[in-house]
Amino acid sequence: DDLDDQSTRSGNTSNAGNAFISVVHRLAASKSTSARIAACSLGPVLWSHLDFPRQLQLRGVITRALHDVEVIVRKSTAAVLHEIAELVFDRRSVPWLVLMCERSMTDPEPQLRAAAMTLTWHLAEHLPNAFTGDANKGSLSIRRLPPRTDPTFMDVYLLQCKLLPVASNLAEDRMPSVRLSVAAQCDRLVNAMGEHWFNIIIDLLQALLSDSDERVRSEATLCMPRFAESVILGTEEGQDSIVLESLMPLALKIQKDSSPLVRSSLATAAGELLIFLVGLGGASHDAPSSPIRKREGNEAPPSPRSPRREGSYADETGYKRYKKHVDDTFIPILQNLLQDPNPEVTTASLRAVTNASRSSARSSASTPSCSHNKYDNGDDDLASVASVTSLQSHLSVDRTKPVFIPVLSEKQVLRLLPTLSNLATSAQWRVRQSAVEIVPALLGCTHRHETRHEISKLCLTLMGDKVDAVRKTAAECLCLGGSNLAMHGKDDGGEWIAKIVVPHLKTCSLSEDAKQRMLSLKMIEIIITNGLCPARLEVVESGDVSPSSRNDNSEVATKESAVRSILSIAASLASDTVPNVRLNVGRVLAVIVGMLDRSNAEFAVSVLEQQIEEEKSRGAESDRDVIYFAQQALSQSSLSDLRRESSLMSSFME
């Protein structure tokens, strides 16, 4: 009766696969490598349709295949075992799977030993199904380790006692590639094994963090944030600090590691841990928001083992405990790594700070196409790394939502500013560029104007950099920074553009340096394409908005005058003495003209037509590229329509 019950729970009420077992035997006995691989590949297909005696025969075929002389057959068999593990709901098959896992651990091929680690946590994750699962639900019925009062607890626990030594032995393997596989999957193992084994697996990760191979140390370091999250979310409250107290001394030691690869991985891990811990601390104190509370739908939910109450994350005790690790460990680690002599480490640290300043709450939806923007900046010498961000921001469907969710507090930003200011003077131009790219994210974490002013100095300093890419990135980040201020519920973005960006835009346009004048054109493009033009400017044409016309349309009219003021700066450069500046006027107007209203578009048309006439009148000193780009801008469909309408109107009046 017990065997019949096992078969029923395993879903083997239909034995339609029994007739095919002879085919499997013939393929497995073939001298052809492909045939033996095919025999194993049929295992997951037939497993649920075989009675228990035939399953035993199939297990024999797979066992022989795992001892095959051909490596490719053994590799295929390892993959088959992963699939069968999800189909096993009969406790009689579990010891065999554990035996196969132990066999993979001793295989002479390193790749198969590395695959044994994946099989280990996979079996640990599915083991409870063999005792309490329902085959009719498939892998969706995965359950965690049953409670101690459950009759099946001891069965699962003893089988886990056999699996954990497999991971421990693989962590001491002579081949670095095998140890690397263990380091990369420690978080999956700790999540699958359960709370009973946390301390042992923490010791395992600690050993890998001190491995002799830099790649293993690097992978173990990158695993720390995922590992800490699994342990903290799966541990009873009050016991969750064990993992941090165990790993933090090693993290402090790793920042002095001789390998730049390991130090770069530490910077990435520190940034991820900072985001996670600030989220656990809650959003009611220093931290402006909690990324843990803003999980996207495609992210994994907390472990079902976790006995925590949702409201307990933001309590006072938990907040202080996590904030202590953030302030005393992770921010100092990032500050030290920002000063690292290796530019790769410094760049990784800057990227980590940026990510910590703008937790990824924005979905990765594809950017819609923009039919009116036919401009390709692939050959534009003004294009830089941040240009992609600028274009994506303009093309996004919903531009009213904040791009960044701030994580760092005001005090934490102030602590990082001196370090970032020092990086702005680095001899490595890529470091200087990375230092300024963080500005928009940092601005989203601030509320005080004094702090924002200090942050803006990073951009203003590097806008005069000798390297072209650094100047353009600094200009773009200065312009885009204001869009992040609006997330605080105020119209800070327009004030930022009006009081900080526009004055420097005018200064650049009047500079004696042609590169600065070209930079002002790039700033105009960014402001217009991203819809950052303020509602009003202090200096506008007074004739555009009369005092008597201040009604419901006054805001629109004022904004028009602000756009016209910015376009007038571009128009003043249409007659520049340097051809490169003049031709970039046409380039910029070609990009932004489709986004202008009728009156401003007509103004752009008149600027381009006048530029073409002036350029042709220069005679031998005229530049054909200037004429070409101006004509390209005029050839836009909307502009052509305006020109035809204007000509027809003139003819009619005559």
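Computed from a predicted model, the values in this text were never measured in an experiment.
The two atoms that bring V262 and S218 nearest to each other are CG2-N, 4.0 Å, heavy atoms only. The two residues A184 and C223 come nearest to each other via the heavy atoms O-SG, 4.4 Å. Closest approach of L244 and P249 over heavy atoms only: O-CD, 4.5 Å. Counting all heavy atoms, side chain and backbone alike, L204 lies closest to C186 at CD2-SG, 4.3 Å. Heavy atoms only, all atoms of each residue included: L250 and S210 are closest at CD2-OG, 3.9 Å. In this structure, Q160 and A192 approach most closely via the heavy-atom pair NE2-O, 4.0 Å.
Taking CE of M463 as the reference point, atom CG of L519 lies at 5.0 Å (rounded to 0.5 Å). To the nearest 0.5 Å, the span separating CD1 on I500 from CG on L478 amounts to 8.0 Å. F330 CZ to L273 CG: the interatomic distance, rounded to the nearest 0.5 Å, is 4.0 Å. For the atom pair CZ (F227) and OG (S246), the distance works out to 9.0 Å, reported to the nearest 0.5 Å. To the nearest 0.5 Å, the span separating CD on E344 from CZ on R263 amounts to 11.0 Å. Distance OH/Y157 to CE/M193: 9.0 Å, rounded to 0.5 Å.
Looking only at distances, a side-chain donor or acceptor of Q255 sits under 3.5 Å from a matching main-chain atom of L252. Listed for the S181 side chain is a donor-acceptor partner under 3.5 Å among the backbone atoms of A114. Looking at S168, its side chain does come within 3.5 Å of a backbone N or O of L164 through a donor-acceptor pair. Judged by distance alone, the side chain of R217 and the main-chain N or O of D257 form no donor-acceptor pair under 3.5 Å. Counting only distance, with no hydrogens or angles, the side chain of S520 and the backbone of R517 share a donor-acceptor pair below 3.5 Å. In this structure a side-chain-to-backbone donor-acceptor pair under 3.5 Å is missing from S426 to N422. Side-chain atoms of N169 come within 3.5 Å of backbone atoms of P165 as a donor-acceptor pair (strictly under, hydrogens ignored). With T346 contributing its side chain and N342 its backbone, the two residues share a donor-acceptor pair below 3.5 Å. Q516 places no side-chain N or O within 3.5 Å of a backbone atom of C508 that could act as its donor or acceptor partner. The backbone N or O of I201 lies less than 3.5 Å from no partner atom in the side chain of Q206, so there is not a single donor-acceptor pair.
Judged as a side-chain contact (heavy atoms from CB on, under 4.5 Å), and not counting sequence neighbours, the contacts of P176 are R179, D213, R215, V216. Residues forming a side-chain contact (heavy atoms from CB on, under 4.5 Å) with K253 (at least two apart in sequence, or on another chain): none. Every residue two or more places apart in sequence or in another chain was checked for a side-chain contact (heavy atoms from CB on, under 4.5 Å) with R430, and none qualifies.
Between C479 and N530 there is no side-chain heavy-atom pair separated by less than 4.5 Å. Side-chain contact between L189 and M117 is present, with at least one heavy-atom pair separated by less than 4.5 Å. Between L209 and L247 the shortest side-chain heavy-atom distance falls below 4.5 Å. Residues S456 and R452 fail the side-chain proximity criterion, which asks for heavy atoms closer than 4.5 Å. Residues R174 and R113 are in side-chain contact: their nearest non-hydrogen atoms beyond the backbone lie under 4.5 Å apart. Side-chain atoms of L423 and R432, non-hydrogen and from C-beta on, never get closer than 4.5 Å to each other. Proximity of V190 to W197: side-chain heavy atoms (C-beta onward) are nowhere separated by under 4.5 Å. Between L462 and R471, every side-chain heavy-atom pair lies at or beyond the 4.5 Å cut-off.
Between E454 and K457 there is a salt bridge, since at least one side-chain N of the basic residue sits less than 4.0 Å from a carboxylate O of the acidic one. The existence of a salt bridge linking E525 and K522 is confirmed by a sub-4.0 Å separation between a basic side-chain nitrogen and an acidic carboxylate oxygen.
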Task: side-chain contact (heavy atoms from CB on, under 4.5 Å) assessment of M224 paired with T221 - done: CA-CA 5 Å; M224 281 199 302; T221 303; 4.0 Å; yes
- [ ] List the steps, then state whether side-chain contact (heavy atoms from CB on, under 4.5 Å) holds for L420 with V439.
- [x] CA-CA 10 Å; L420 295 174; V439 166; over 6 Å; no
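Applying the side chain to side chain contact (heavy atoms under 4.5 Å, CB included) test between L266 and each of V345, I254, L334, N336 identifies I254 as the sole match.
Checked by atom type, the side-chain pair T118/Q185 shows a donor-acceptor distance below 3.5 Å.
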